[in-house]
Amino acid sequence: MDDLKSRLTAAAREADLSRMDTADAYNFIVRFVKDSVRTPVQTEGRRAYYLSSEFLMGRLTEANLFNLGIRDSVYEALREAGFDPERLLEIPDAALGNGGLGRLAACFLEAAATHRIPLFGYGLRYRYGLFKQDLAAGYQREEADDWTKYGDPWSDRRESDAVEVTIGGERIRAVPYDMPVYGYEGAVGNLRLWQAEAVRPFDFAAFDAGRYAEASAASERASRLTAVLYPNDNTPEGKQLRLSQQIFLTAATVEDVLRSQERAHESCASLAEYAVLQLNDTHPVLAIPMLITALERRGMPFAEALETARRTFAYTNHTVMTEALEVWDAALLQRLSPEAMGAIGKIQQALEREYPDRTADMNIIDGGRVHMARLATYVSFAVNGVAPLHTEILTRRVLAPWYERTPGKFSNKTNGVTQRRFLAVANPPLASFITERIGDGWVKNFSEVEKLRPYLSDAPSLRDLAAVKRENKQRLCRRIAERCGEKLDADFLFDIQVKRLHEYKRQLLNALSIVYFYQGLRDGSIPDFTPTAFLFGAKSAPGYHRAKGIIRYILEIAKRVNGDPLCEGRMRVIFVPDYNVSWAEVLIPAGDLSEQISMAGTEASGTGNMKFMMNGAPTLGTYDGANLEILRAVGEENNYFFGARAEEIIAEREANAYDPRRLYAEDGALRRAVDTLIDGTFDDGGTGAFRDLYTSLLDGAPWHRADHYRVLGDFRSYVEAKSRAGADYRDTEGYARRALANIAASGEFSADRTVKEYAKEIWRV
Ligand code: 26Q
């Protein structure tokens, strides 16, 4: 590798890298590295394909270099050639995903490559990724994310593998771009992203006849198809263009998979022996009818094609929010893809024959609409949830009739995250702390972190760990000073909630608690408040007005608190703009307290909770999703759990017993905090956004009852748990011990463990 370093130094000097603009330098460096390293080895055996409308890859360069084992030598070579590697921070993230589901897909590809599991990713090459968020106006504004503006040197366009897809009667070319996924001391995986282009990019006949718009119309229609990622996360958006994207992704992918099958194994008759297609939620479920029609076109009878599909597909559900369960208008699908709709009609008939006793809520086609989760569940040989509580909710409620008939299909696969990106790369001081004590086996075998347990009683190690956290907090302070112009004190407790903005995730509960503590500071009723910085990062779906109202409310609180001399040295509120994977990599290592406060039974798993845990932040959380697994792994004494349990909430709902008005009437401090939504304390610019939040808590909308997410119901136990965390934080050694207990117990939350479970129990690769 020193050979690589000296060759790169020489080449970089020769090309005079120090004088290049960042884009040119970036392209130069990546080309050099790609030319110097091994290329993917095609496996001959069985393969798993990961189909997903989202891959939230984040920054590519540092993680790739780290996994190739050349990060430090490349950075040194660049410095020697007069190029500061920090300049690479200008390059945008590859943000081709919204949140948890898209980031999980990225973690899985990296973990599979590391452990030589043949997993091939398929997705869409959006021209613009998830919007950039601007908060300067005091509320969220969206800007286009031109993620390739410095080029996309990691990817290779594969012209010869282009395929054609028909959507609404028009032929469209799907051109694949391959992004290598480098494993750590492992193999190289691949992410294939389809880009839409016109079959005939320009119509000269139309142009010659003076019909200029018509001449490029086909090109414009095609580029619209993969122009942008839909910015919805657990919120519905039933647009025709989104359905077209799904048709495009699935038709092209199925064609590609069948081509490899035919190349390696002659015929498609044995497809199920060599291929398993994992569906990342319902967004790629049209791959089922697409596969069936593709097999029929190759001469296979429908019954056999359906059987093949039933041995080939596996489905992961990622949400229980009923409004986020995908349903498409059958007439629309018929118009855009009559073949796919035809196959779905025949699958519905097969369902009718197989289950004459079925309940109406099992019908795939129901009231002129196609229910994607039902289609996925009926055809797939495996269906899984992403944390035990989530899987239980699936089998008992959301998919109960299916579980009754085919219980063997169902399993749980608890999510995980890659400790390489989110610990080894994002948190160098902690990585050294761990490696100095237990060696570096944890980078590839994360269960080894349990070897840290003996250090729980080692005072010098606890001091070192506190110093590591402090260093990360100082790094975050510098970043926040640069990006937000706000000064922060690294001695404060850093209490962090970073995730998409959604009512069920209850950022509003956090905000109201801050108002409560602020009011208590002002009137002197909370004399012993631990100095705390409350940090937020969150994007709202652009059309989700109530979520935008919550952002605006938090920004108003921040303005008031940070401008109040009384809060000097005691409280800060920071909302970082444009939260993304790169922000996560700076924020999470600096967290003292991990806010995971969704209403129990709503967050399928959560994965940020795991990232904070392995970086040594205790959880302030509800009994929800994978929080429950964190609790089981480290114990109540190392975390701050609060609030109603899913079971209680269900019972309360059935008894119609939740009464936010009573809580509001009986708890004066709660009422005082909630009233800031309507008493003019804060300014919503005359939009009525804050009054809407107030109404949502106390009255609800006419179409559903008040406080759907029990913000007021959990308020008291939340501020109590949060106060306990603050009090405990004053004992530096005791708090460091909790941090270390969390790190040492986080072994099972590696994506390595998760992909190995999928590989063994579902993919059989
Ligand atoms: C549905 C219909 C129409 C348009 C969009 C959608 C849509 C889009 C995105 C529905 C859901 C999503 C994203 C869901 C998601 O990110 N779920 C998260 O998945 C994580 C990985 O399993 C879990 O950890 C989170 O708990 C879960 O919220």
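Counting starts at 1 for both ligands and their atoms, in listed order. Numbers here are sequence positions counted from 1.
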Regarding ligand 1, does [X] bring an N or O atom to under 3.5 Å of one of the ligand's N or O atoms?
X: Ala324; answer: no
X: Gly99; answer: no
X: Ser605; answer: yes
X: His318; answer: yes
X: Asn234; answer: yes
X: Val386; answer: no
X: Lys505; answer: no

[X] bridged to [Y] by N-O distance under 4.0 Å:
X: Glu110; Y: Arg421; answer: no
X: Arg242; Y: Glu326; answer: yes
X: Lys722; Y: Glu595; answer: yes
X: Glu603; Y: Arg506; answer: no
X: Arg420; Y: Asp752; answer: yes

With a 4.0 Å cut-off on heavy atoms, is [X] in contact with ligand 1?
X: Met321; value: no
X: Trp328; value: no
X: Asn232; value: yes
X: Gly606; value: yes
X: Asn415; value: yes
X: Leu325; value: no

Side chains of Ser598 and Asp624: is there a donor and an acceptor less than 3.5 Å apart?
->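 There is such a pair between these side chains.
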Would you say the side-chain atoms of Lys413 and Thr316 include a donor-acceptor pair closer than 3.5 Å?
->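 Note: Lys413 and Thr316 side chains miss the donor-acceptor criterion.
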For the [atom1] atom on [X], are there more than 12 heavy atoms of other groups (residues, nucleotides or ligands in this structure) within a distance under 6.0 Å?
X: Arg753; atom1: CZ; answer: yes
X: Lys409; atom1: NZ; answer: yes
X: Arg632; atom1: CZ; answer: yes

Could you tell me if the side chain of [Y] sits less than 4.5 Å from the side chain of [X], heavy atoms only?
X: Val383; Y: Asn317; value: no
X: Val276; Y: Arg764; value: no
X: Phe536; Y: Val498; value: no

Where ligand 1 meets [X] - atom numbers and elements under 4.0 angstrom, heavy-atom basis:
X: Tyr504; answer: 28 (O)
X: Thr235; answer: 4 (C), 5 (C), 6 (C)
X: Asp233; answer: 9 (C), 16 (O)
X: Ala604; answer: 26 (O)

Identity of the nearest option to atom 5 (C) of ligand 1, non-hydrogen atoms only, from Glu237, Arg242, His502 |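 Among Glu237, Arg242, His502, the closest heavy atom to atom 5 (C) of ligand 1 comes from Arg242.
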May I ask which of Gly100, Ala387, Ser53 has a heavy atom nearer to atom 20 (C) of ligand 1 than the others do?
->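 Nearest heavy atom to atom 20 (C) of ligand 1 lies in Gly100.
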Which of these passes salt bridge (charged side-chain N to carboxylate O under 4.0 Å, His left out) with Asp578: Arg141, Lys539, Lys132?
->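 The option that passes is Lys539.
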Counting non-hydrogen protein atoms only, what is the nearest one to [atom]? Give residue, atom name and distance.
atom: atom 15 (C) of ligand 1; result: Leu101 CB, 3.5 Å
atom: atom 2 (C) of ligand 1; result: Glu326 CG, 3.4 Å
atom: atom 26 (O) of ligand 1; result: Glu603 OE1, 2.7 Å
atom: atom 7 (C) of ligand 1; result: His283 NE2, 3.6 Å

Using a heavy-atom cut-off of under 4.0 Å, does the side chain or the backbone of His390 touch ligand 1, or both, or neither?
->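 The answer is neither; His390 stays 4.0 Å or more away.
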Specify side chain, backbone, both or neither for Arg500, according to which of its non-hydrogen atoms lie closer than 4.0 Å to ligand 1.
->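 None of Arg500 does.
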Tell me, please, whether Tyr623 has Arg645 positioned over its six-membered ring: NZ or CZ under 6.0 Å from the ring centre and within 45 degrees of its axis?
->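 Judged by the rule, Arg645 and Tyr623 form a cation-pi pair.
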